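The next block holds one structure in the form of structure tokens; read it before the comments.
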Protein chains: 2
Amino acid sequence: MKDASQVVPQRLKPRKTPVQSRSGVTVEAIHEAAIQVLLSEGLSRLTTTRVAERGGVSVGTLYQYFPNKEALLFAILLRHFEEVAEALERVDIATNGRPLEELAESIADAYVSVKVARPDATIALYRVAGAIDQFKMSPDIHVRLVNAVIRVLTNASDASFTEPRKVSFTLLSALAGVSRGSFANLASGPEILEGFREEARLLSRAYLRAAAQI
Amino acid sequence: MKDASQVVPQRLKPRKTPVQSRSGVTVEAIHEAAIQVLLSEGLSRLTTTRVAERGGVSVGTLYQYFPNKEALLFAILLRHFEEVAEALERVDIATNGRPLEELAESIADAYVSVKVARPDATIALYRVAGAIDQFKMSPDIHVRLVNAVIRVLTNASDASFTEPRKVSFTLLSALAGVSRGSFANLASGPEILEGFREEARLLSRAYLRAAAQI
DNA sequence: TATATATCTGAATGATCCTTCAGTTAGGAA
DNA sequence: TTCCTAACTGAAGGATCATTCAGATATATA
């Protein structure tokens with residue numbers, strides 16, 4: 001899997017080697033800056049200049065790390081998905097031979113934990129998700145998410161699935177929906193996030209139980 | 001509830017009366033044009049001029065029906081939400097005194113039917129959803145959706161809910177997630193939409209059963 | 001210290017876009 | 001048929017933006 005932060009450059013004058021930052025961890029800084037701009041100004045006012053400013057570098061520098069604006073947005077999306085994938089892959093390792101009930105909760109917890117750990121990033125990314133051309137968006141990462149959940153499902157000591165791919169897909173989609181809804185409602189109070197965790201668990205347990213061959 | 005297509009104008013020179021179209025159902029035509037542009041060009045290339053062209057009117061005319069571009073996007077989003085709300089409100093009327101199992105399926109069916117009836121509009125709207133400022137987005141319509149489902153839930157002959165609002169919210173969010181996921185995957189074949197309907201039903205049944213006080 | 005080289009800078013370019021409004025057109029009243 | 005008015009038109013104003021690149025700067029090496 002390619003490093004999320006190093007999108008393949010497609011510049012007219014391509015560099016031979018990746019930039020060796022002189023001013024600290026610049027890529028990371030630009031990522032964070034983009035998230036902040038997204039939060040404070042919204043997608044339509046996210047400009048390369050603004051992001052660079054917020055990140056403490058010049059536009060020119062930004063363009064040394066990302067070939068264009070789209071690649072920047074793409075990169076922060078990809079990075080976030082990868083965090084979710086890693087969390088789910090950790091669940092796989094930890095749940096071997098456990099009952100379905102437990103797996104269901106672990107999947108929900110992993111998903112929720114990543115989202116809740118960075119509420120700002122989560123909200124920011126929901127603002128980009130629709131704008132990025134989903135066809136260009138690498139399907140690899142989606143496959144990786146689905147596969148991670150499939151692997152967890154096969155760990156169940158007391159259940160099996162005839163269509164694990166479909167089940168994995170639906171579960172992930174449903175969790176994504178509840179997440180999106182919860183964060184959209186975050187304005188009404190931070191206690192929303194506790195409800196998010198509980199509802200995600202309940203949903204995960206209920207759906208997997210119903211979809212499983214016991 | 002305000003007419004979705006007549007967003008309150010905030011022009012510098014406000015008109016006293018709504019425009020009386022001379023060229024047919026112009027508002028509707030502009031709505032459809034916007035959806036087509038969204039589908040074929042994406043959000044970043046959706047311009048007022050392009051929408052007007054596609055709709056067979058001039059930009060000037062477009063600005064007689066919508067005070068600005070944001071209002072146009074807002075209006076098509078709102079119209080779609082209202083269709084979903086209407087479908088759910090019809091379910092309320094039709095399901096009085098039925099068992100939870102049936103309510104669950106009816107809710108899922110109503111949701112799925114609206115989305116599947118206009119796949120193009122559904123996909124187009126997912127591209128806008130994040131870009132519109134959710135804070136400006138009227139919370140009224142969300143409340144209306146949640147209330148419609150709450151009313152259906154109270155119809156159950158064999159179950160009750162201690163936190164119907166939370167349950168309604170989670171169910172709607174989860175259905176939205178599955179819908180979004182399914183339509184994003186539509187490229188891999190139209191049979192996806194059949195799976196969408198079945199998974200939505202299964203999810204709805206499973207979650208409501210788990211969340212209910214039997 | 002002097003030189004070479006890679007990184008950083010930000011003004012300038014060229015393009016796109018939203019929005020307006022002076023002028024044109026069409027439908028209806030008289 | 002003529003006139004009135006509301007709807008329609010689209011070129012132009014004003015603003016914003018993505019991207020480039022020639023020059024400035026900092027680090028490493030000799």
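The structure displayed is predicted, hence computed values, not measured ones. Throughout, protein chains are lettered first and strands after them, A, B, ... in sequence-line order, and every chain is numbered starting at 1.
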From D/dA11, C/dG10, C/dT9, pick the nucleotide closest to the side chain of A/Val59?
-> C/dG10

Check whether any side-chain nitrogen or oxygen of B/Thr61 sits under 4.0 Å from OP1 or OP2 of D/dA7, and answer yes or no.
-> no

In whole angstrom, give the distance that lies between atom CD of B/Glu53 and atom P of D/dC8.
-> 17 Å

Side chain to side chain, A/Thr47 and A/Val37, heavy atoms closer than 4.5 Å = no

Please assess A/Arg180 against A/Thr122 for the test side chain to side chain donor-acceptor pair (under 3.5 Å), listing each intermediate value before the final yes or no.
-> CA-CA 9 Å; A/Arg180 191 181 275 260; A/Thr122 300; over 6 Å; no

Send over the distance from B/Leu62 CG to D/dC8 C1', rounded to a whole Å.
-> 12 Å

May I ask you to check whether A/Phe81 and A/His142 place their ring centres under 6.0 Å from each other?
-> yes

Residues in side chain to side chain donor-acceptor pair (under 3.5 Å) contact with A/Glu194, at least two apart in sequence or another chain | none

Rounded to whole Å, the CZ-C1' distance (A/Phe66 to D/dC17) equals 19 Å

Taken in chain and number order and not counting sequence neighbours, the residues that satisfy side chain to side chain donor-acceptor pair (under 3.5 Å) with B/Ser106 are none

Provide, to the nearest angstrom, the distance between the CG atom belonging to B/Asn68 and the C1' atom belonging to D/dT16.
-> 16 Å

Would you indicate, yes or no, if C/dT16 has its OP1 or OP2 atom less than 4.0 angstrom from a side-chain nitrogen or oxygen of B/Arg50?
-> no

Look at the side-chain N and O atoms of A/Tyr65 and state whether any lies under 4.0 Å from the OP1 or OP2 oxygen of C/dC8.
-> yes

Evaluate the side-chain proximity of A/Thr170 to B/Leu202: yes if any heavy-atom separation is below 4.5 Å, no if none is.
-> no

Separation of C/dT19 atom P from B/Tyr63 atom OH, nearest Å, is 3 Å

Just how far, in rounded Å, is P of D/dA18 from CD1 of A/Ile30?
-> 14 Å

Figure out the CG/P separation between B/Leu72 and C/dC17, and round it to whole Å.
-> 15 Å

A/Lys69 NZ to D/dA18 C1': how many Å, rounded?
-> 8 Å

Quick one, which residues of residues 38-49 of chain A touch DNA chain D with a heavy atom under 4.0 Å?
-> A/Leu46, A/Thr47, A/Thr48

Below 4.0 angstrom, N of the basic side chain to O of the carboxylate: do B/Glu32 and B/Arg54 qualify?
-> no

